[in-house]
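The structure under discussion appears below in the form of structure tokens.
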Number of protein chains: 2
Amino acid sequence: MEASLVRLPERNTRNRVTISHVADALGLTKSTVSRAMNGYSDISEATQLRVKRMAEKMGYHPLSHAQAIKTGRTRSLGLVLQFADHDAQRPFLAEFLAGVSAGASTEGWTLTVAATDSHSGLIETFRAILRDGKADGFILPRALCNDPRVHLLRKADVPFVLFGRQDNAEGCAWFDVLGEEAMQDAVRHLAGLGHRRIGFINGGQQYAYAALRADGFAEGMRLCGLDIDEGLIAQNAVTLEDGARAAAKILDHANPPTAIVCAVDFAALGAYRAAAERGLSVGRDLSIIGYDGIPEGAFAQPPLTTFAVDNRAAGHALATLLIRRVKGEPLETLRKTVPATFVKRDSTGPKSPERSTK
Amino acid sequence: MEASLVRLPERNTRNRVTISHVADALGLTKSTVSRAMNGYSDISEATQLRVKRMAEKMGYHPLSHAQAIKTGRTRSLGLVLQFADHDAQRPFLAEFLAGVSAGASTEGWTLTVAATDSHSGLIETFRAILRDGKADGFILPRALCNDPRVHLLRKADVPFVLFGRQDNAEGCAWFDVLGEEAMQDAVRHLAGLGHRRIGFINGGQQYAYAALRADGFAEGMRLCGLDIDEGLIAQNAVTLEDGARAAAKILDHANPPTAIVCAVDFAALGAYRAAAERGLSVGRDLSIIGYDGIPEGAFAQPPLTTFAVDNRAAGHALATLLIRRVKGEPLETLRKTVPATFVKRDSTGPKSPERSTK
DNA sequence: TCCCTTGCCGAAACCGGTTTCGGTCCGCAG
DNA sequence: CTGCGGACCGAAACCGGTTTCGGCAAGGGA
């Protein structure tokens, strides 16, 4: 009769209001109350109202895991974090989490998060959560080009939403910020300041956003009638160090640019360093423009002109989208994009005439 | 018969291995299998082994929410984050979360997190999670002096563990880093370098750690036979700006110190700024020592001498402790402390003779 | 030999919901 | 007046576990 450990006290009988209590109070049966609460049409409007009022009054909240045993759903969103990535994820995380959790809780849902280091553990983590029914769907941050998580969930027929887009949109709902539009506007902004030789430092190519932002940059150049010099383009810069290296390469070009567009703020800050090492004053000799809106950008010298992304809003939107997805709304209505917001600070300025004579 | 939305497909019948399957395969009943899995002593050793083997072989994993309906427990840890706080929480968060989630998942538990902005929403969030039975216990990061969360959970008789200690230890399990020991060692380190006038910038007084670290500093001064000048002590510095202000006050003292101990790294970096504004070279004219081990410290000029806290390990430990707490282990065995690790870098150096003549 | 433990397991109730299947009442056409 | 189809709700099964209670057989003491 004894378990190996101490016998645990019952916790569920803690004077909880159950569906039976509500039913008794109204002289109805559990089944009627259940269907009324769930809005079934075979319960009259009048009864539905009566039931919902009484439930409210008595403080009845259906136990999600009691429902889950039959429905298989527990009203919780899954979020699997990967920490093997570069540090860029850190400032991002807090805001994002706040948004997701806020979005979930306003709908009465909760968030279960898991983290993995290893790349292999990733899929295993998803499987474990699904096996235990701990999440009804997943939010996938940082969409990759050919995302293994998408393959897994698509095959398992589990709802998910991406932060970022996906070429093969089958089964994909998403929320994304229009990085391509931002890159295009960045070029326009610089061209408007008189810059004609403009470099581009892209982010990690494994990410879905990289190709988009590259396209945006190219489109901007085309619209402004500017030529793209492949020597002024770098890839895969996601950290400050990456950015410094990439900018160094670009600035050491025989015919260097007077401005650089960066797909990632950290890379932009790295470009600051490369500029300093070459005696270039950012904002005067060299204009730099970033993307992300990390707090460090505002404190940099000079403050970084950038396109800010509201990660909290993104998290909120993703939570809402996923909930609607789990509820069965059609995919087409669950794809949203918003523009980044341009933040003009002091790292971009008119092309300096001295350097142009070079 | 129709729900308001689209009828959702059943998900639970997805060829899941249930306890009945295992029972049938062994010619036993559900109840026997259940008790065998849970290690009840009224099931023979032999049968327990048979059952567990078969469960393993068939891939049987009990559904936590099916268990929960009777036991009230779902094998999940709760974590409620507050974002109204200062930004200092950010670098902390990712590592901590990784640790908690790793600790939970190695035990087969999961983590449900929620976030609140408002101070009032905090308690409400706890209540909602408890009401829905979404967590069996809570991890409380950043213990406050008279923590309202502790009051709530103590009264509700819900298990919890603190990151930080608590004066009234009733019902409290915790994990903490010995900040007082670090402060004491900081003074010793500086005294060993010849410093005799040492300032102290403390962190937020609402936090439980503040008093401890202040004590540690005082004890260190006493042990080294140094006098404490109240004019060289400041409180409530948790951000860089706070630290700059506090350090300014201390450095503008008629008889300024040659070294400052900071209870928080951010404050230490603020002290850098104040020092620079007064033409003092950190590490030569003024020694500064911090606590936390934030990444920014390593990149500061000069790199910051500090006491590093392993937040990932802390998260891991807290998860493990909470699980044991929920399982019913006695409180006394669930209080752990570890020392911070001293990281000697370049912001501390021997007392410069020039300044001492002043 | 008989009775009483003790060890071990089965039968059935139970947890808090959802869902299937009827059954009653009513209005209305035949 | 009868038959019939909705509208609306109750009865009972069910979901996947846990727990209570009791039964049976083996073993030990009197």
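Residue numbers start from 1 in every chain, and the chains themselves are labelled A, B, ... in the order their sequence lines are given, proteins ahead of strands. Below, each value reflects all heavy atoms present in this structure, side chains not excepted, and no hydrogens, waters or symmetry copies.
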[X] vs [N]: side-chain N/O to OP1/OP2 distance below 4.0 Å:
{"X": "Thr18(B)", "N": "dC15(D)", "answer": "no"}
{"X": "Ser31(B)", "N": "dT20(D)", "answer": "no"}
{"X": "Thr32(B)", "N": "dC9(C)", "answer": "no"}

Can you measure [X] atom [atom1] to [N] atom [atom2] for me and round it to whole angstrom units?
{"X": "Tyr40(B)", "N": "dT6(C)", "atom1": "OH", "atom2": "P", "answer": "21 Å"}
{"X": "Asn38(A)", "N": "dG17(C)", "atom1": "CG", "atom2": "P", "answer": "11 Å"}
{"X": "Gln67(A)", "N": "dC15(C)", "atom1": "CD", "atom2": "C1'", "answer": "14 Å"}
{"X": "Arg75(A)", "N": "dG17(C)", "atom1": "CZ", "atom2": "P", "answer": "10 Å"}
{"X": "Asp42(B)", "N": "dC9(C)", "atom1": "CG", "atom2": "P", "answer": "9 Å"}
{"X": "Arg16(B)", "N": "dG16(D)", "atom1": "CZ", "atom2": "P", "answer": "8 Å"}
{"X": "Ile69(A)", "N": "dT18(C)", "atom1": "CD1", "atom2": "P", "answer": "11 Å"}
{"X": "Asp24(A)", "N": "dG16(C)", "atom1": "CG", "atom2": "C1'", "answer": "13 Å"}

Using a heavy-atom cut-off of under 4.0 Å over every strand shown, decide if [X] touches base, sugar-phosphate, or nothing.
{"X": "Gly27(A)", "result": "sugar-phosphate"}
{"X": "Ser20(B)", "result": "nothing"}
{"X": "Ser44(A)", "result": "sugar-phosphate"}

Checklist outcome for this item: ring pair (Phe, Tyr, Trp, His ring centres under 6.0 Å) filter on Phe160(A), not counting sequence neighbours, yields none
Next on the checklist: Between Arg73(B) and Asp136(B), does any side-chain N to carboxylate O distance fall below 4.0 Å?
Outcome noted: no
With a cut-off of 3.5 Å and sequence neighbours excluded, list every side-chain donor-acceptor pair involving residues 99-113 of chain B.
from	atom 1	to	atom 2	distance (Å)
Ser101(B)	OG	Ala115(A)	N	2.6
Ser105(B)	OG	Ser101(B)	O	3.1
Ser105(B)	OG	Ala102(B)	O	3.3
Thr106(B)	OG1	Ala102(B)	O	3.4
Thr106(B)	OG1	Gly103(B)	O	3.0
Thr110(B)	OG1	Lys134(A)	NZ	3.2

Checklist entry - With nearest nucleotides of DNA chain D determined for Lys30(A) and Glu45(A) from heavy-atom distances, which residue corresponds to the more 5′ nucleotide? => result Glu45(A)
Item to check | Of Ile43(A) and Ala66(B), the one whose closest DNA chain D nucleotide lies more 5' | outcome: Ile43(A)
Checklist entry - In Å, rounded to the nearest 0.5 Å, how long is the span from NE2 of His21(B) to CD1 of Ile19(B)? => result 11.5 Å
Next on the checklist: Pairing donors with acceptors under 3.5 angstrom, does anything connect the side chains of Thr32(B) and Thr29(B)?
Outcome noted: yes
Checklist outcome for this item: Applied to residues 313-326 of chain A, the salt bridge (Lys or Arg N to Asp or Glu O under 4.0 Å) test, sequence neighbours excluded, yields Arg324(A)-Glu329(A)
Item to check | Heavy-atom donor-acceptor pair, Arg35(B) side-chain to dG17(D) base, under 3.5 Å | outcome: no
Checklist entry - Does Lys70(A) get its side chain close enough to the base of dG17(C), under 3.5 Å, for a donor-acceptor pair? => result no
Item to check | End axis versus end axis in the helix from dT1(C)-dA30(D) to dG30(C)-dC1(D), the angle rounded to 10°, five pairs used at each terminus | outcome: 60°
Item to check | Thr47(A): partners by side-chain hydrogen bond (donor to acceptor under 3.5 Å, both in side chains), with sequence neighbours left out | outcome: Ser44(A)
Next on the checklist: For Arg312(A), give me all partners under side-chain hydrogen bond (donor to acceptor under 3.5 Å, both in side chains), at least two apart in sequence or on another chain.
Outcome noted: Glu95(A), Asp117(B)
Checklist outcome for this item: Per atom distances to the Thr29(A) side chain, the nearest of dG17(D), dT19(C), dG10(D) is dG10(D)
